[in-house]
Amino acid sequence: MSEQFSVHALRYAQSVGKRSSYFYGYHLSDQPDAEQHVDWYFWLLKSGNKTVLVDCGYDTDRAARKGRYVGTNPLELLSRMGVAAGDIDHVVISHAHYDHVGNIGLFPNAEFTLARSEFDWITGPYANRFPTCWVVEDEERTMIQNFARDGRFHFIDDRAEVLPGLMAWAVGGHTPGQMLVEIAATSGQVVLASDAAHFAEEYETDRPFSMFHNLEDLFAGYEQLRDLNGRTGTVVVPGHDPRVSRTFAEVEKDCFDLTSVIAPPVVHNNLERASR
Ligand SMILES: [Zn+2]
């Protein structure tokens with residue numbers, strides 16, 4: 001039998017913005033503007049012999065310069081779960097935005113996995129154009145390049161088993177190499193959408209997120225997530241959705257057990273609403 005993992009979402013910040021700034025073409029819809037609550041997560045996976053992160057949150061200083069609320073230090077969240085920085089064996093980077101790679105320098109024993117198309121994008125000729133240069137930090141790109149030079153990076157061309165029980169594949173859309181991660185968990189399969197769907201509403205109603213690299217790929221990713229979500233025994237977890245904190249058991253402050261559903265979510269199921 002392949003490895004099974006415990007899977008926890010660790011919430012390191014919360015914020016509130018406007019729906020019109022989070023969804024593409026919102027002003028063309030018939031809905032009034034409203035508040036959109038946003039949670040900021042990274043994910044901790046543990047099997048019998050591996051401790052893995054999917055993403056690692058934003059660096060507090062660099063995020064503060066962007067006006068982002070500085071929440072709980074990721075290392076503090078890990079310590080609540082009994083994990084030290086040196087325990088992390090592997091970090092799967094879902095994509096290279098600052099709120100997902102900001103702390104990659106904190107884990108001295110970790111190897112990393114990233115989509116090759118993401119690496120090519122952040123090191124390519126247009127990476128210095130706005131808004132890419134705002135969401136991909138120079139210091140973080142340099143860290144990725146240095147760690148890659150040191151042989152600590154594994155690159156995924158399409159789809160790969162990162163570790164037994166842990167698959168990752170690129171769907172693009174949000175960024176060129178945005179990945180989904182599927183985990184054989186103790187409760188069944190858990191699919192971490194990360195920013196392939198910040199909010200469940202995106203794949204439930206085909207309402208596109210405001211920032212994307214390729215809109216067709218974004219919609220194709222939503223289709224994949226809908227299919228996965230409809231599969232028996234599989235749970236899809238969006239990347240920034242406050243719904244996560246209401247759906248799963250909070251086992252330590254801001255640490256949610258994604259194998260333990262306490263309240264099934266109220267699902268948006270009217271595809272027409274977003275597409276009119
Ligand atoms: Zn994000």
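As the structure lists them, so they are numbered: ligands from 1, and atoms in each ligand from 1. Just the heavy atoms: all of them, side chains too, but no hydrogens, waters or symmetry mates, feed the values below.
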From [X], does some N, O or S atom reach closer than 2.8 Å to the Zn ion (ligand 1)?
| X | value |
| --- | --- |
| Asp99 | yes |
| His240 | yes |
| His100 | yes |

Do you reckon Tyr126 sits in the same ILVMFWY cluster as Tyr98, going by side-chain contacts under 4.5 Å, direct or chained?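 Result: no, two separate clusters.
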Quick one: [atom1] on [X] to [atom2] on [Y], what's the gap to the nearest 0.5 Å?
| X | Y | atom1 | atom2 | result |
| --- | --- | --- | --- | --- |
| Tyr12 | Leu77 | OH | CG | 10.5 Å |
| Ser210 | Gln36 | OG | CD | 10.0 Å |
| Leu166 | Glu182 | CG | CD | 10.0 Å |

By atom name, which N, O or S atom of Asp195 is the nearest to the Zn ion (ligand 1)?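 The Zn ion (ligand 1) is closest to the Asp195 atom OD2, counting only N, O or S.
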